[in-house]
Amino acid sequence: MKILDKLELALADIRKKTDFVPKIGLVLGSGLGGLADDMDIVSEISYSEISDFPISTVSGHAGKFLFGYIEDVPVVVMQGRVHYYEGYDIHDVVLPIRIMGLLGAKILFLTNAAGGIRRDFSKGCLMVIRDHISSLVPSPLIGPNIDELGVRFPDMSCVYDEELCTIIKNSANELSINVEEGVYIQTSGPNYETPAEIRAYSLWGADAVGMSTACEAMTARHMGIRVCGISCITNMAAGISDAPLSHAEVKETADRVGKEFASLVKHSVSKMKSL
Ligand code: HPA
């Protein structure tokens, strides 16, 4: 099925259930879904209720859209995302992002769990994403261009919106939360990296590594949606610390910093109300 047809079908299924128009689309990463507890939810739709929609298969990812308000700002939240390593085509991985744009979202707020490459990072710290490297996974924009969504050759020189990054940094300041800034690199996963790969990515200029986000950010920019993102450094990347990597550690750290993380996202969202 053509991507545009899939989008139309999915949109129709959602619109049968809610006419909610979000201002912000928020993607909650591994173990970070707890933010939804503080949200004033108007409607929720599981991905499994939407025709031809990809479904997250990873523990720690709930797999539904929540429609409602965070600090009076209308948002659609993805509680759980789908990843390329789950075996989905990259176009299906980013389908939910396109849907959020078509539902009306003008801002995409991405969050993820990531491994820290920069040696002065530590487990549990938060990083405002300033740029990304997506070259290790196929571009979600490969294939016939969908002219209804954006141009053939979209500019990626400023994916992460300066004003939105400043809002996040100011919010962190006001809440006395320490945030770092850096470059995120997306790998295909599902395996974690080797120490040699991490050394190579470090030379490329990457500060944190994960298995999502960059393809979503690109898709949103293609549609002209403003993008920002925060990585939760759940572990130091392979070879940076001697410890073997595990999903249990990722979830444990995400749980531990979940409250601080949620308050930063909530505060930042409230400041995006007037944009
Ligand atoms: N590598 C890739 N993805 C990740 C990591 C990591 O170290 N931590 C959390 N997601």
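First listed ligand is number 1; within each ligand, the first listed atom is number 1.
Relative ring orientation between Phe20 and Tyr69 is described as perpendicular, the plane-to-plane angle rising above 60° on a 0-90° scale split at 30° and 60°. Aromatic ring orientation, Tyr201 versus Trp204: tilted (interplanar angle from 30° to 60°).
No more than 12 heavy-atom neighbours from other residues, nucleotides or ligands sit within 6.0 angstrom of CG on Asp72. No more than 12 heavy atoms of other residues, nucleotides or ligands shown are found within 6.0 angstrom of NZ on Lys259. Heavy atoms of other residues, nucleotides or ligands lying less than 6.0 angstrom from CG of Asp242 number 12 at most.
With 3.5 Å as the limit, one finds a donor-acceptor pair spanning the side chains of Asn112 and Thr213.
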* Asked: What's the verdict on salt bridge (Lys or Arg N to Asp or Glu O under 4.0 Å) for Arg130 and Glu162, showing C-alpha distance, side-chain angles and the deciding distance?
  -> CA-CA 8 Å; Arg130 294 312 304 248; Glu162 192 67 44; 2.9 Å; yes

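When only non-hydrogen protein atoms are considered, atom 4 (C) of ligand 1 lies nearest to Val209 O, 3.7 Å. The protein heavy atom nearest to atom 2 (C) of ligand 1 is Glu193 OE2, 3.1 Å. In this structure, the protein non-hydrogen atom closest to atom 5 (C) of ligand 1 is Gly115 N, 3.4 Å. With hydrogens left out, the protein atom closest to atom 10 (N) of ligand 1 is Ala113 O, 3.4 Å, a heavy atom. Nearest protein heavy-atom neighbour of atom 3 (N) of ligand 1: Gly210 CA, 3.4 Å.
In Ala114, the part holding a heavy atom less than 4.0 Å from any atom of ligand 1 is the backbone. Under 4.0 angstrom from ligand 1, there are no non-hydrogen atoms of Asn112. With a 4.0 Å heavy-atom cut-off, ligand 1 is reached by the side chain of Val250 but not by its N, CA, C or O.
Hydrophobic clustering places Leu103 together with Leu4 (ILVMFWY residues linked when any side-chain heavy atoms are closer than 4.5 Å, directly or through intermediates). Transitive grouping of hydrophobic side chains (ILVMFWY, heavy atoms separated by less than 4.5 Å) brings Leu175 and Leu126 into a common cluster.
Residue contact check: Met211 has heavy atoms under 4.0 Å from atoms 2 (C), 3 (N) of ligand 1. In the vicinity of Asn235, heavy-atom distances shorter than 4.0 Å reach the ligand 1 atoms 5 (C), 6 (C), 7 (O), 8 (N), 9 (C). Every atom of ligand 1 with a heavy atom of Thr234 under 4.0 Å away is listed here by number and element: 8 (N), 9 (C). Atom numbering of ligand 1 starts at 1 in the shown order; those under 4.0 Å from a heavy atom of Leu245 are 7 (O).
Using a 4.0 Å cutoff on heavy atoms, Thr187 does not count as a contact of ligand 1.
Where the criterion is an N or O separation shorter than 3.5 Å, residue side chain and backbone included, Tyr192 fails it with respect to ligand 1.
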